[in-house]
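Here is the structure we will look at, set down as structure tokens.
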Amino acid sequence: MAKPFYITTPIYYVNARPHIGHVYTTTVADVVARYRRLSGEAVFFLTGTDEHGKKVADAARDRGVSPQEYVDQIAGEFEAAFAEMGLTNDDFIRTTQPRHQQRAAAAIQQLVDQGDVYLGEYEGWYDQGQEEYVTETNARDADYKSVISGKPLVKVKEASYFFKLSRFQDELLAHIDANPGFIQPEARRNEVVSRVKAGLNDIAISRSTEPWGIPMPGDPSHSVYVWIDALLNYATAPEANERPELWPADVHLVGKEILWFHAVIWPAMLMALGRPLFGKVHAHSFWVSEGRKMSKSLGNFVDLDALRGYVDRFGLDAVRWYLATQGPMGATDADFAEAKFIEVYNNDLANTLGNCVSRVLKMIGKYFDGQTPLGWPEEADEPDRLYGQFESWAENYRVAMSRLDLAAAARYAMGVVEAVDGYIERTQPFKLAKDDNQRGRLSGVLYDCAEALRIASLLLWPFLPTACEEVWRRLAQDYAGFMANAPDHTGDLGGWAVWGQLQPGTPLDAGPPLFQRHVVA
């Protein structure tokens, strides 16, 4: 039996409520997970919350509640937000859950027993906002300020347990060299390699000044550093679900600000623990808003309420489409701008997909009484048929998806719809309908258009599940029902996307427009 496809998001820190960054990464993971399920693979899609550390304890104190009460509330908001956004994660892990804490403590104990963790003293720079120790070199390069918040770093001196990160430098570089896709995108890989080659130091993995965390095995006067605790979730979740076959993870999706932890510290920990390394880590860039860095003080922060506003106006599929196709999956940041959102919505969803579906099904309703046409007569000579173009498009789509290039995959899928529009312009079925001698050709043209839309809807489903399931209903295809009842909720994209599966004579439903064009007042 094939190993299930295992994809993760970061577990999100609960010092802030859900916002576009959290929804974006989890939506990207959801698109990939849906595609893999549609392709017939069993999938395990993990997300969750990171609930220990000083910032969490401080936030709880400010609100006059216990840390546990505080994290219960915020974790609940994350779970509710992801459900509201239609995200299909298989598990939601929390680092305050016993199922995680017990297994994380066991992993730390193993590192202690092996001699990969030792007691020492940390003296150096600390980024309070990120809860991250910073080397002298990196602190100096950043003018002794946080590279994320810009706030001054703090000089600290305290007893700490250390992980022997330095001993894995050569092994880590060898793995990255042998596996070019291990860190994506390439620009991030190059940054990591350059920094590792400059030398790795052992890292502090405990705190004696903040008790809100997992107690250090054998020394409860220390708590495990929040980042070490958090990274272990990717391994503790499969164990807690009694599914050891899930490991190693295939994809870790993260933001670029936490790449170092995932591309260096986490694989080194796995090497020390004797566990296989994950397939790849993909570090996307940030969202900006209306061309400017997001800031609550500027009033341009895209929080959950702002996203809900877009869902209310344009629909959940429209928000998914914009995030997945316009988002910062590469090495550059992306802009969440209202004018651009409306432009993408109108061009892609209203004018292209929605209009094409309505156009084709209305013509079938008018010229063939709403039933799937017979298709081309056997003797027909039609050199410009649509089906000959599909193999290359479908293959390009699959390659783009495997590379996590969602924007390219979406273009290939929407390109099928655009090809239908172009085919209608060339063949002009509305003119063929006026000539009884062209009845056979009209039947062939409209069958091809409907069949192409069927295949396009399959490719687009990971991005636009609600709209595509409505297209399936109108075409009398029960793919959604099949997946709902199949083991692991899997489909058969390879079989379903083969040309010629619409059955002549099947009643079709034109229905109302899938997406109403948005007119700016």
Side-chain angles (χ1 to χ4, degrees), residues 5-16 18-33 44-53 78 82 87 89 91-95 127 129-132 146-149 172 175-176 179 181-193 195-196 203 225-238 247-270 277-287 294 323-324 327-334 403-406:
F5 180 81
Y6 179 20
I7 185 169
T8 75
T9 72
I11 52 171
Y12 302 111
Y13 206 33
V14 292
N15 67 313
H19 56 65
I20 188 174
H22 309 121
V23 173
Y24 171 65
T25 312
T26 317
T27 298
V28 168
D30 185 73
V31 171
V32 176
F44 190 77
F45 166 18
L46 177 69
T47 190
T49 44
D50 180 7
E51 302 180 9
H52 289 130
F78 273 88
F82 294 162
L87 306 177
N89 50 290
D91 193 4
F92 188 99
I93 194 162
R94 300 175 53 188
T95 55
D127 184 336
Q130 294 301 109
E131 298 200 37
E132 176 183 355
S146 168
V147 295
I148 302 300
S149 67
L172 184 60
H175 183 81
I176 295 172
N179 299 273
F182 182 63
I183 302 171
Q184 297 180 350
E186 185 178 1
R188 302 287 176 234
R189 175 183 182 274
N190 294 339
E191 291 170 8
V192 169
V193 169
R195 188 172 166 186
V196 173
I203 58 167
Y225 174 41
V226 61
W227 259 110
I228 301 302
D229 163 18
L231 289 168
L232 286 163
N233 92 90
Y234 304 123
T236 62
W247 191 263
D250 293 275
V251 178
H252 289 319
L253 283 172
V254 302
K256 64 182 179 181
E257 80 281 11
I258 57 174
L259 176 59
W260 183 255
F261 297 100
H262 288 81
V264 177
I265 297 173
W266 178 224
M269 289 172 61
L270 290 168
L277 268 59
F278 51 87
K280 69 179 70 170
V281 55
H282 188 107
H284 62 72
S285 297
F286 295 152
W287 284 97
M294 287 190 193
L323 293 177
M329 279 296 280
T332 57
D333 294 344
R403 293 176 177 171
L404 302 182
D405 189 349
L406 302 193

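All heavy atoms count here, side chains included; hydrogens, waters and symmetry mates do not.
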Problem set entry | Ring centres under 6.0 angstrom apart (Phe278, Phe182) | yes
Exercise. Between Asp30 and Phe82, is a side-chain contact (heavy atoms from CB on, under 4.5 Å) present by the stated rule, with each step listed?
Worked result: CA-CA 10 Å; Asp30 185 73; Phe82 294 162; over 6 Å; no
For this session: Compare all side-chain heavy atoms of His282 with those of Met329 and state whether any distance is below 4.5 angstrom.
Result: yes
Problem set entry | Check: Ala230 main-chain N/O paired with Asn233 side-chain donor or acceptor under 3.5 Å | yes
Exercise. Which pair of heavy atoms, one from Gly330 and one from Pro185, lies closest together, and at what distance?
Worked result: C-CG, 4.0 Å
Exercise. Please walk me through it: do Ile228 and Met269 pass side-chain contact (heavy atoms from CB on, under 4.5 Å)?
Worked result: CA-CA 9 Å; Ile228 301 302; Met269 289 172 61; 3.7 Å; yes
For this session: Would you name the heavy atoms of Ala16 and Phe78 that are closest together and state the gap between them?
Result: O-CE1, 3.5 Å
For this session: Check for a donor-acceptor pair, side chain of Thr332 on one end and backbone N or O of Pro328 on the other, with a separation under 3.5 Å.
Result: no
Problem set entry | Atom of Thr26, atom of Phe45 and distance for their closest heavy-atom approach | O-CZ, 3.6 Å
For this session: Please work out which of the three classes, parallel, tilted or perpendicular, describes the rings of Trp247 and Tyr6, given edges at 30° and 60°.
Result: perpendicular
For this session: Please name the pair of heavy atoms, one in Ala334 and one in Gly327, separated by the smallest distance, quoted to 0.1 Å.
Result: CB-C, 3.8 Å
Exercise. Can you list the steps and then say if Phe286 with Met294 is a side-chain contact (heavy atoms from CB on, under 4.5 Å)?
Worked result: CA-CA 9 Å; Phe286 295 152; Met294 287 190 193; over 6 Å; no
Exercise. Do His284 and Tyr24 come close enough that some side-chain heavy atom pair is under 4.5 Å?
Worked result: yes
Problem set entry | Any Tyr12 side-chain heavy atom under 4.5 Å of Thr47 side chain | yes
Exercise. What distance do Leu231 atom CG and Ile11 atom CD1 have between them, rounded to the nearest 0.5 Å?
Worked result: 8.0 Å
Exercise. Got Thr25 and Val254 here, is their nearest side-chain heavy-atom distance under 4.5 Å?
Worked result: no
Exercise. Can you tell me how far CG of Leu232 sits from CD1 of Ile93, rounded to the nearest 0.5 angstrom?
Worked result: 10.0 Å
Exercise. Where do Ala331 and Ala187 come nearest, in terms of heavy atoms and distance?
Worked result: CB-CB, 3.9 Å
Problem set entry | Spacing of CD belonging to Glu51 relative to OG1 belonging to Thr95, to within rounding of 0.5 Å | 5.0 Å
Exercise. In Å and rounded to the nearest 0.5 Å, what is the CG to CG distance from Leu46 to Asn89?
Worked result: 8.0 Å
Exercise. What are the two closest non-hydrogen atoms of Pro267 and Leu277, and how far apart are they?
Worked result: CB-CD2, 3.8 Å
For this session: State, with a plain yes or no, whether a side-chain heavy atom of Val28 is found less than 4.5 Å away from one of Leu323.
Result: no
Problem set entry | Student check: side-chain heavy atoms of Phe44 and Phe5 closer than 4.5 Å | no
Exercise. Is there a donor-acceptor contact under 3.5 Å from the side chain of Arg94 to the main chain of Asp50?
Worked result: no
Problem set entry | Asn179 (side chain) donor-acceptor with His175 (main chain) under 3.5 angstrom | yes
Exercise. Does atom CZ of Arg195 have more than 12 heavy-atom neighbours from other groups under 6.0 Å away?
Worked result: yes
For this session: Determine, step by step, whether Val251 and Val32 satisfy the side-chain contact (heavy atoms from CB on, under 4.5 Å) criterion, reporting the C-alpha distance in whole Å, the side-chain angles of both residues, the deciding distance to 0.1 Å, and the verdict.
Result: CA-CA 10 Å; Val251 178; Val32 176; 5.8 Å; no
Problem set entry | Glu191/Arg188 salt bridge by N-O under 4.0 Å criterion | yes
Exercise. Donor-acceptor pair, Asp250 side chain versus Gly279 backbone, under 3.5 Å?
Worked result: no
Exercise. About how many Å separate NE2 of His22 and OG1 of Thr49, when rounded to the nearest 0.5 Å?
Worked result: 10.5 Å
Side-chain donor-acceptor pairs of residues 256-263 under 3.5 Å, sequence neighbours excluded:
| residue | atom | partner | partner atom | Å |
| --- | --- | --- | --- | --- |
| Lys256 | NZ | Asp333 | OD1 | 3.2 |
| His262 | ND1 | Ile258 | O | 2.9 |
| His262 | NE2 | Tyr234 | OH | 2.7 |

